Amino acid sequence: MARDILDIIHSRRSTRSFTDQKPGREQIDLLLEAAIWAPSGSNNQSWLFTAIRNTEIISKMNELIRQGFKTWIPDDDYPAKLGAKEHSQRPEFHFCNYAPVLIIASNKPNYENAMADCSLALENIFLVAESLGLGSCYINSPHWLRNDPGLRDFLFTLGIPREHTICNTAAIGFIEKPSAPPARKPGTIRVVD
Ligand SMILES: Cc1cc2nc3c(=O)[nH]c(=O)nc-3n(C[C@H](O)[C@H](O)[C@H](O)COP(=O)(O)O)c2cc1C
């Protein structure tokens, strides 16, 4: 029986520890279907979702991201960016925590709602993943390195157009270690009648 949508929203967590088991092709197809049924500005649907189920390709991306971080200069002082740049040079670094599947959401450049559209699609992916018993996590580093020539050349070989902007990526796989639910901060909801 389908689980209640609010139950799925509550139980979804960002997974950072995956088993080696690869989700089936049918499961990935459901995630991609959920992605393309997200709303989009003016019904643009100008996005592209590229699911990678090949561990060698993900490892190659990890190497390119590690290389890219060496010379990348963050454009602001968001602590996660500085932390990722530093962490990327450690031997244990893996940009998507060894997830067996990665979904890359890209979109047309210079489109005002590119990021919003892809982010709504990503949440659809996360919620359907949860409903299928899969873990998921938003991964930012490919977006930060979206203009890195080495990474872009490689993504081009995977069919991601050079002109596309890389909006966000979803790590997907079976959960090895569940994440604890972070408490909700108080005072972030209001109703004005
Ligand atoms: C825009 C955005 C970027 C994020 N980037 C990353 C990331 O690069 N790596 C990561 O492990 N988690 C990332 N996350 C996941 C958040 O850390 C996570 O959602 C938050 O800690 C709350 O935990 P929960 O998702 O389990 O509720 C990101 C989430 C969002 C919304």
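One-based numbering, in listed order, for ligands and for the atoms of each. Bear in mind that the values here come from a model prediction, so they are computed numbers and not experimental data.
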Which residue and atom name correspond to the protein heavy atom nearest [atom], and how close is it?
{"atom": "atom 6 (C) of ligand 1", "answer": "Tyr138 O, 3.0 Å"}
{"atom": "atom 11 (O) of ligand 1", "answer": "Arg16 NE, 2.6 Å"}
{"atom": "atom 8 (O) of ligand 1", "answer": "Asn140 N, 2.9 Å"}
{"atom": "atom 25 (O) of ligand 1", "answer": "Ser14 OG, 2.6 Å"}

| Check: Asp117/Tyr111 side-chain N/O donor and acceptor closer than 3.5 Å | yes

| query | Is it the side chain, the backbone, both or neither of Ala84 that has a heavy atom closer than 4.0 Å to ligand 1? | reply |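 The answer is neither.
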
| message | Any protein heavy-atom neighbour for atom 20 (C) of ligand 1 (distance below 4.0 angstrom)? | response |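 There is no protein heavy atom less than 4.0 Å from atom 20 (C) of ligand 1.
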
Any side-chain to backbone donor/acceptor pair from [X] onto [Y]? Under 3.5 Å, distance only.
{"X": "Asn44", "Y": "Gly41", "result": "yes"}
{"X": "Arg190", "Y": "Gly187", "result": "no"}
{"X": "Asp76", "Y": "Tyr78", "result": "yes"}

| query | Hey, does Pro182 sit under 4.0 Å from ligand 1 if you only count heavy atoms? | reply | yes

| Parallel, tilted or perpendicular: which fits the ring planes of Trp144 and Trp72, with parallel below 30° and perpendicular above 60°? | parallel

